[in-house]
**Student:** 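Structure below; questions to follow.
Here is the naming used below: chain letters follow the sequence lines, and residue numbers restart at 1 for every chain.
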Amino acid sequence: MPVAAIAAALIVPLGLDGDGYAIRVIALVFLFAALGQSWNIVGGLANQISLGHAAFFGIGAYTSTRLLIDFGLSPWFGMLAGGVLGGAAAALISLPTMRLRGHYFALATLAFGEVMRVVANAWTGLTGGPVGISVPYSAPGLWMLSFKGTLPFYYLNLTALVGVTAVFVGIRRSAFGYRLQAVREDANAAEVVGVDTARIKIQAAVISGALTAMLGTLYAQMNFFFDPDAVFGAAPISVRIALIAIVGGIGTAAGPILGAILIVSLEEIANVLLSGQVAGLSNLVYGLILIAVIMIQPHGLVALGPVFRRPWRVPAVDAAK
Amino acid sequence: MALIQAILDGVMIGGVYAVISIGLTLVFGVMGIVNFAQAEFLMLGMFIAWFAWAKLGLDPLVGAFLAFALVFLLGLAVQHWLVRRVMRAPEVAQIFLTVGLLIVLENAALLAFGSDFRSVSTPYQTAALRLGPLFVSVPYLAAFAMSALSGLGLWWFLRVSWFGRAMRATAQDPMAARLSGIDVDRMRRLAFGLGVGLSAFGGAVILPYLTVYPTVGSQFVVLMFTVVVLGGLGSVAGAVVGGLAVGVIQSLSGLVFPIQLQNLVLFVVFIAVLAVRPEGLLGKAR
């Protein structure tokens, strides 16, 4: 099944305009599915609901762009550097917050993302501030991650999604993954049977933060231009990433992919239908749909996953709810 | 002397911070839910006060009562129609309900009022009282006095009135409260209404020295979280201490750091408290 899905994704662009709108939307779906998948490592396996993943995403976007502007360094190196910084930031924020659960953890991570946004807006020398920053033009080519059309990003994002999903599935099947899931089911019980819960939560956060930062580089290269609110924002990034993983089925490999298809296309439809209207309308609709989904299925936000359950899903501990 | 002046300013601002954050802690104490949209109710309060000033000629300090009343009613409705239904739902649903509310309120305000920055002009806006070598800005003092007043009102309500005692009983043990004949749903409605109403009231009284715009709430998110975490989430007395502490910290850090980085300083305090005393400075270990 996954092979068929990947094959389909490889063939689809052949029937579409390589620079067209559809390609761009699907490329975005892949990127956000990959982000949801990296969130899933902490949020899904350990049930630590982070609302601050934009912090890592923004670190990645700014690190590679800054290195490209100042040193002409290839974004591939920028991506690695961003990954290291993102992982370091995740470790730093995890140390004081890993003991927190539920609302408390969500609150702490949201504050972390917001502070990063405020600092990025204030530190104009580094980030360009609210005016934003442009990714400098380089001769097209894979080495500088710079292309004329959107199609190469379609394939790059697809590769990233497959890669991050492989990491997620690999972790979930490993002893490390089972420890994380033990923490989710009952942290005290996990501690009693000898799981170093603090340590594995930090390790998971570092992996998740590093992957999220690396995806930030892809986003920067694909968009040419961004500002602190776009990459560090709570609603456009942090909440969206978490929502994508949750709506599709938290803790499952297929979840973020289905969630991204659902949410990103919903947003695009809202944008197309309501574009030209006053600012804020499509976001308002987005918020209303979010509330409506929770009202109709208060237990279902998590339970929506099994509805879409696919045969390739590995039956793991998370099936027991 | 600059130091004493900064502490004095900090206490003045901190009093307001206490009031706007009490709502967050009250709702958490009674229902165990963090209202991520709390700062948007503050934004609504600021807008109500602004319109009361622009259309009715009311001073924001008077408009604050209107802001409290309207947002209180809105809070009752939100609790009844939305929050009540996720009380037993998984935490994820609770978190995303209030996050959804945040997105809706912020963008509804953007649609309704546009993205303009609005401010009021009052006769006392630039006035200051002289206390020996120190100065007290009148708008700060007025906001502080109004906050202290509403804080006292809340204290009376929670300590003395039957409703308040019933609300505290609900917070302590909803089942026992229900068995003693308390309408728990009603108490929760009241707590939510009061909580968001107080934030709106706080937003209105600071309008004389601030500007209002649809995303103003995001300026207060980190601040509110820091206040309630300092005082211990769920503790009203803690929020007062936390608010004053945050005001003073912010004011003192203003002596050293540029104003944009004050949120960073607050965040460091916030994380430090979480790391060392997650139950808050006054809280009992749970």
**Student:** In sequence, state the C-alpha distance, the side-chain angles, and the governing distance for A:Tyr104 and B:Leu274, and then conclude on side chain to side chain contact (heavy atoms under 4.5 Å, CB included).
**Tutor:** CA-CA 9 Å; A:Tyr104 245 116; B:Leu274 279 183; 3.8 Å; yes

**Student:** In this structure, which one of B:Val268, B:Ile271, B:Leu264 forms a side chain to side chain contact (heavy atoms under 4.5 Å, CB included) with A:Val115?
**Tutor:**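 Filter result, single survivor: B:Leu264.
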
**Student:** Which of the residues B:Glu106, B:Gln94, B:Gln219 is involved in the greatest number of heavy-atom pairs with chain A at under 4.5 angstrom?
**Tutor:**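 Among B:Glu106, B:Gln94, B:Gln219, the one with the most close pairs to chain A is B:Gln94.
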
**Student:** Which region of A:Ile93, side chain (C-beta onward) or backbone (N, CA, C, O), has a non-hydrogen atom less than 4.5 Å from a non-hydrogen atom of chain B, or is it both or neither?
**Tutor:**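 For A:Ile93, the contact with chain B is made by the side chain alone.
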
**Student:** Where is the tightest heavy-atom contact between B:Gly100 and A:Ile291, given as atom of each residue plus distance?
**Tutor:** C-CD1, 3.8 Å

**Student:** Between B:Leu266 and chain A, with a heavy-atom cut-off of 4.5 Å, which part of the residue counts as in contact: side chain, backbone, both or neither?
**Tutor:**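 It is neither, since no heavy atom gets under 4.5 Å.
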
**Student:** Can you say whether B:Val34 sits under 4.5 Å from chain A via the side chain, the backbone, both, or neither, judging by heavy atoms?
**Tutor:** both

**Student:** Would one find more than 12 heavy atoms of other residues, nucleotides or ligands at under 6.0 Å from atom CZ of B:Arg168?
**Tutor:** yes

**Student:** What part of B:Leu82 gets closer than 4.5 Å to chain A, counting heavy atoms only: side chain, backbone, both or neither?
**Tutor:**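 For B:Leu82, backbone and side chain are both near chain A.
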
**Student:** Heavy atoms only: give me the nearest B:Phe225-A:Ala111 pair and the separation to one decimal.
**Tutor:**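 The answer is CD1-CB, 4.0 Å.
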
**Student:** Quick one: what part of A:Ala234 sits under 4.5 Å from any heavy atom of chain B, side chain, backbone, both or neither?
**Tutor:**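 Neither part.
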
**Student:** Give the C-alpha distance, both sets of side-chain angles, the deciding distance and a yes or no for side chain to side chain contact (heavy atoms under 4.5 Å, CB included) between B:Phe96 and A:Val247.
**Tutor:** CA-CA 11 Å; B:Phe96 276 90; A:Val247 166; over 6 Å; no

**Student:** Quick check for you: to the nearest 0.5 Å, what is the distance between B:Phe220 atom CZ and A:Glu114 atom CD?
**Tutor:**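 Taking CZ in B:Phe220 and CD in A:Glu114, the distance rounds to 13.0 Å.
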
**Student:** Quick one: pull up CG in B:Leu105 and CG in A:Leu284 and give me the separation to the nearest 0.5 Å.
**Tutor:**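 So the gap between those two atoms works out to 9.5 Å.
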
**Student:** What distance do A:Asn283 atom CG and B:Asn107 atom CG have between them, rounded to the nearest 0.5 Å?
**Tutor:**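 So the gap between those two atoms works out to 4.5 Å.
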
**Student:** When you compare the side chain of A:Ile294 with that of B:Arg85, does any pair of heavy atoms fall below 4.5 Å?
**Tutor:** no

**Student:** So how far is it from B:Ile95 CD1 to A:Leu51 CG, rounded to the nearest 0.5 Å?
**Tutor:**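 Between atom CD1 of B:Ile95 and atom CG of A:Leu51 there are 6.0 Å.
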
**Student:** Taking the side chain as every heavy atom from C-beta outward, state whether B:Val86 and A:Met295 have any pair of such atoms under 4.5 Å apart.
**Tutor:** yes

**Student:** Heavy-atom pairs under 4.5 Å with chain B are the metric here; pick the option from A:Leu107, A:Val119, A:Ile49 that has the most.
**Tutor:**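 Ranked by contacts with chain B, first place is A:Leu107.
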
**Student:** Check whether B:Ser218 gets within reach of chain A through its side chain, its backbone, both or neither, counting any heavy atom under 4.5 Å.
**Tutor:** both

**Student:** Between atom OG1 of A:Thr97 and atom CZ of B:Phe270, what is the distance when rounded to the nearest 0.5 Å?
**Tutor:** 9.0 Å

